[in-house]
Amino acid sequence: MKYQVERLVQAALATLPADILPTDISPTVVVERTRDPAHGDFATNVALQLAKPARRNPRQLAEAIVAALAPTDLIEKVEIAGPGFINFHLSARAYQEELARIFDLGPTYGYSARPAGERIVVEFVSANPTGPLHVGHGRQAALGDALSALLQTQGYEVTREFYYNDAGVQIHNLALSVQARARGLKPGDPEWPADAYNGEYIQDIAADFLAKKTVHAADGEPVKANGKVDDLDAIRKFAVAYLRHEQDIDLQKFGVRFDVYYLESSLYTDGRVERTVETLIKNGKTYEKDGALWLRTTEYGDDKDRVMRKSDGTYTYFVPDVAYHVTKWERGFRRAINIQGSDHHGTIARVRAGLQALNIGIPQGYPDYVLHKMVRVMRDGQEVKISKRAGSYVTLRDLIDWVGRDAVRFFLVSRKADAEFVFDVDLALAQTEENPVFYVQYAHARVCSVFRQLAEKGLVHEREIGELNIARLTETYEKTLIRKLTAYPEVLESAATSHEPHQLAHYLRELAGEFHTYYNAVQFLVDDVGLRNARLNLIAATRQVLENGLKILGVSAPEKM
RNA sequence: GCCCCCGUAGCUCAGUGGAUAGAGCGACCGCCUCCUAAGCGGUAGGUCGCAGGUUCAAUUCCUGCCGGGGGCGCCA
């Protein structure tokens, strides 16, 4: 709908004579939803924007624009208001057409009509296979999956990707930890390794290793333990497979699926890390100092150069990271979005610098990042900092067990990523008024209930009759609800392009609110067939939009509560 | 010291270069002979951290300061 108004204004501007609007001015028309319904449905400030360059009084200019608008039955009334805003009041017909689109498109209502077809990779979670997923990973999973779904509504072909840091020191420490547990040691013992992982899950892995069990991660081969305590390599393989499988279970419980698991170790085995380093050396972007190899990241805006190859001959973590991002580019992803904790923000400059220094045509801002702040968990009015299984942090599994998947997913995307988040377990558990998840789901269930009652009365919903009677939906709360419903495609576009899924969560909360108001104000199952079906159309459309929006967030839309 | 993010109602948070700054919770007052009261209506509550600047217009953009969080490793 917004587009239609935008195009209308644009066309009007194009027809203005040069003495009113000089031809060298090419304005970008911004049409917005009005905040106050008295100002109509949409408004543009284009006359105010143009007033200065055109050296004209804004109201005068607005009048000229309005006069040049092509006639259309989508708009009932155009007004000039305040200093020079142009307000558009849509016709009942415009709304009827939009409601019809909701029915016709169903689950795909709100999707962008433009077939972008561009491929984009969204990387998220990317947890080290050294322990259970924590609540921060949960925030990433909720954000990443919702953002991916949002991008899909805009026509992108999205790949959800998980990067496994299965090489490096932390994996070695994991193997040592399991080995120590297998030998009967525990944290605090004198022989317990210094950098070991202390969580209880290490004991579980050791026990299964000794019992010669088999584990199977989502995309790997089954790994059978040989039970030999001295075989550190076997322990490492088993422990990694074990923890990857554990993470698979958590993610599945959370309703998040990945298309690609990319293993850091593969970057070494297929020579990509070496090739990356060679290219950087060849391009003259490196130098030797103190027995280490350095990358001149300062040439690309970093505040100091960074070590690539340590004096012991191993690489620092960002080297495989650069090699990894080259594969994203080479796999045809012209856009890449990484979702990470804000504690990683310092690494962004390094990775981008490495990609630039390779000089293979990757643009400067590649990849994009969405950084999120920490999650703190409150329960019974106190912060929860530890869990039995992981030791030093609350796991995603704990959270899902406590409050259920729907609440966790909705809560974790309901705030801007860059704001700190306090997860209130008691609030999420409350199946009462103040819990936003239940509030939205309840709206959906209530519509379903109305249709069940309709069937019990032996009646059917007749859409065409409703459409003929849409003009009878004249109450304020009916108009407000229609307006809200038809804003849905704009919300999806905005949330997708700004990488902000929380916009959708807020929208759904508001939409549910408008519905509850409506529900309370009128009876739907009235004897008047025309009015009844007009109202049923409206709430059926509401149900559809609620369902579509919740699906994007990975939250269920129950028919009964 | 440097870099990034945040600072809006008692609390948790939305929002915007424009027309009276919003929601939920909490407080207070109302609403079930009626499709789920897990709901709805109303009242109260704000110098949008502080100070400058840009603009016809700043809570929104810029600069500085104050307060909170995170990051500044030959760790990942």
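Protein chains get the first letters and strands the later ones, always in sequence-line order, with residue 1 at the start of each. Side chains are part of it too, since the values below use all heavy atoms of this structure and drop only hydrogens, waters and symmetry mates.
Remark: A:Gln356 pairs with no residue by the side chain to side chain donor-acceptor pair (under 3.5 Å) rule, at least two apart or across chains. When the side chain to side chain donor-acceptor pair (under 3.5 Å) test is applied to A:Tyr201, no partner is found at least two apart in sequence or on another chain. Legend: residues meeting salt bridge (Lys or Arg N to Asp or Glu O under 4.0 Å) with A:Glu79, ordered by chain and number and at least two apart, are A:Lys77. Looking at residues two or more places apart in sequence or on another chain, you find no ring pair (Phe, Tyr, Trp, His ring centres under 6.0 Å) involving A:His372. The side chain to side chain donor-acceptor pair (under 3.5 Å) search around A:Thr480 returns none, not counting sequence neighbours.
Neither side chain, A:Gln170 nor A:Asn165, offers a donor N or O lying under 3.5 Å from an acceptor on the other. No donor-acceptor contact under 3.5 angstrom links the side chains of A:Glu63 and A:Gln60, judged on distance only.
Proximity of A:Gln453 to the phosphate of B:C34: no side-chain N or O atom is located under 4.0 Å from OP1 or OP2. At the phosphate of B:A37, OP1 or OP2 sits under 4.0 Å from a side-chain N or O atom of A:Arg446.
Side-chain atoms of A:Asn520 lie closest to B:C40 of the nucleotides B:C72, B:C40, B:A19. The side chain of A:Tyr439 lies closest to B:G39 when the candidates are B:A14, B:G70, B:G39. Each of B:U36, B:C34, B:G70 was ranked by its minimum atom distance to the side chain of A:Gln523; first place goes to B:C34. Among B:A14, B:G39, B:G70, the nucleotide with an atom closest to any side-chain atom of A:Met374 is B:G70. Considering only the side chain of A:Phe438, B:A38 comes nearest among B:A19, B:U36, B:A38.
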Ring pair (Phe, Tyr, Trp, His ring centres under 6.0 Å) between A:Tyr262 and A:Tyr164: does it pass, once the steps are laid out? CA-CA 6 Å; A:Tyr262 205 101; A:Tyr164 262 107; over 10 Å; no

Begin with the C-alpha distance, continue with both residues' side-chain angles, and end with the deciding distance and a verdict on side chain to side chain contact (heavy atoms under 4.5 Å, CB included) for A:Lys373 and A:Ser342. CA-CA 6 Å; A:Lys373 293 292 218 169; A:Ser342 65; 3.3 Å; yes

Passes ring pair (Phe, Tyr, Trp, His ring centres under 6.0 Å), A:His137 versus A:Phe124? Steps please. CA-CA 8 Å; A:His137 293 128; A:Phe124 56 106; over 10 Å; no

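Taking the P atoms as reference points, B:C50 lies 16 Å from B:A58, given to the whole Å. If you take atom C1' in B:G24 and the same atom in B:C40, they sit 15 Å apart, rounded to whole Å.
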Distances for protein N or O near nucleotides 5-11 of chain B N or O, under 3.5 Å:
residue : atom : partner  : partner atom : Å
B:C5    : O2'  : A:Asp418 : O            : 2.8

Nucleotide N/O of nucleotides 41-43 of chain B paired with protein N/O under 3.5 Å:
residue : atom : partner  : partner atom : Å
B:G41   : OP1  : A:Thr517 : OG1          : 3.0

Return the polar atom pairs (N/O with N/O) between nucleotides 27-30 of chain B and the protein under 3.5 Å, or none.
none

Protein and nucleotides 74-76 of chain B: nitrogen or oxygen contacts under 3.5 angstrom:
residue : atom : partner  : partner atom : Å
B:C74   : O2   : A:Ser311 : N            : 2.7
B:C74   : O2   : A:Ser311 : OG           : 2.9
B:C74   : N3   : A:Ser311 : OG           : 3.4
B:C74   : N4   : A:Asp290 : O            : 2.7
B:C75   : OP2  : A:Lys310 : NZ           : 2.8
B:A76   : OP2  : A:Tyr317 : N            : 3.2
B:A76   : O2'  : A:Asn128 : ND2          : 3.3
B:A76   : N6   : A:Tyr317 : OH           : 3.3

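Stacking is not found between A:Tyr519 and the pyrimidine-like six-membered ring of the B:C40 base under the 5.5 Å centre-distance and 30° plane-angle cut-offs.
The six-membered or imidazole ring of A:Phe515 lies away from that of A:His444, with a centre-to-centre distance of 6.0 Å or more. Remark: aromatic rings of A:His461 and A:Phe451 are close, center separation under 6.0 Å.
Looking at heavy-atom distances under 4.0 Å, A:His345 makes contact with a base. Across all strands shown, A:Asn87 has heavy atoms under 4.0 Å from base atoms, whether or not it also approaches the sugar-phosphate. Nucleic acid contact for A:Ala445: base, since at least one base atom lies under 4.0 Å from a heavy atom of the residue. Counting any heavy atom pair closer than 4.0 Å across all strands shown, A:Val522 reaches a base atom.
Between A:Phe524 and A:Tyr518, the ring planes are perpendicular. Angles over 60° get that label, and only those under 30° would be called parallel.
The shortest distance between side-chain heavy atoms of A:Glu383 and A:Val377 does not fall below 4.5 Å.
Mapping A:Val422 and A:Ala512 onto RNA chain B by nearest heavy atom places A:Val422 closer to the 5' end of the strand. Comparing A:Phe451 and A:Arg306 against RNA chain B, the residue whose closest nucleotide sits nearer the 5' end is A:Phe451.
Screening A:His89, A:Lys479, A:Arg483 for a side chain to side chain donor-acceptor pair (under 3.5 Å) involving A:Asp41 leaves a single residue, A:Arg483.
In this structure, A:Asp321 does not pair ionically with A:Arg350, as no charged nitrogen and carboxylate oxygen lie closer than 4.0 Å.
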Quick one: what's the B/S/- string for nucleotides 55-62 of chain B, heavy-atom cutoff under 4.0 Å, read 5' to 3'? SS------

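A cation-pi arrangement is absent between A:Arg306 and A:Phe318 under the rule of less than 6.0 angstrom and at most 45 degrees off the ring axis.
Contacts of residues 38-45 of chain A with RNA chain B (heavy atom under 4.0 Å): A:His39, A:Ala43, A:Asn45.
Where RNA chain B pairs in unbroken runs of 3 or more (Watson-Crick or G-U, both distances under 3.5 Å), the stems are B:1-7 with B:66-72, B:10-13 with B:22-25, B:27-31 with B:39-43, B:49-53 with B:61-65.
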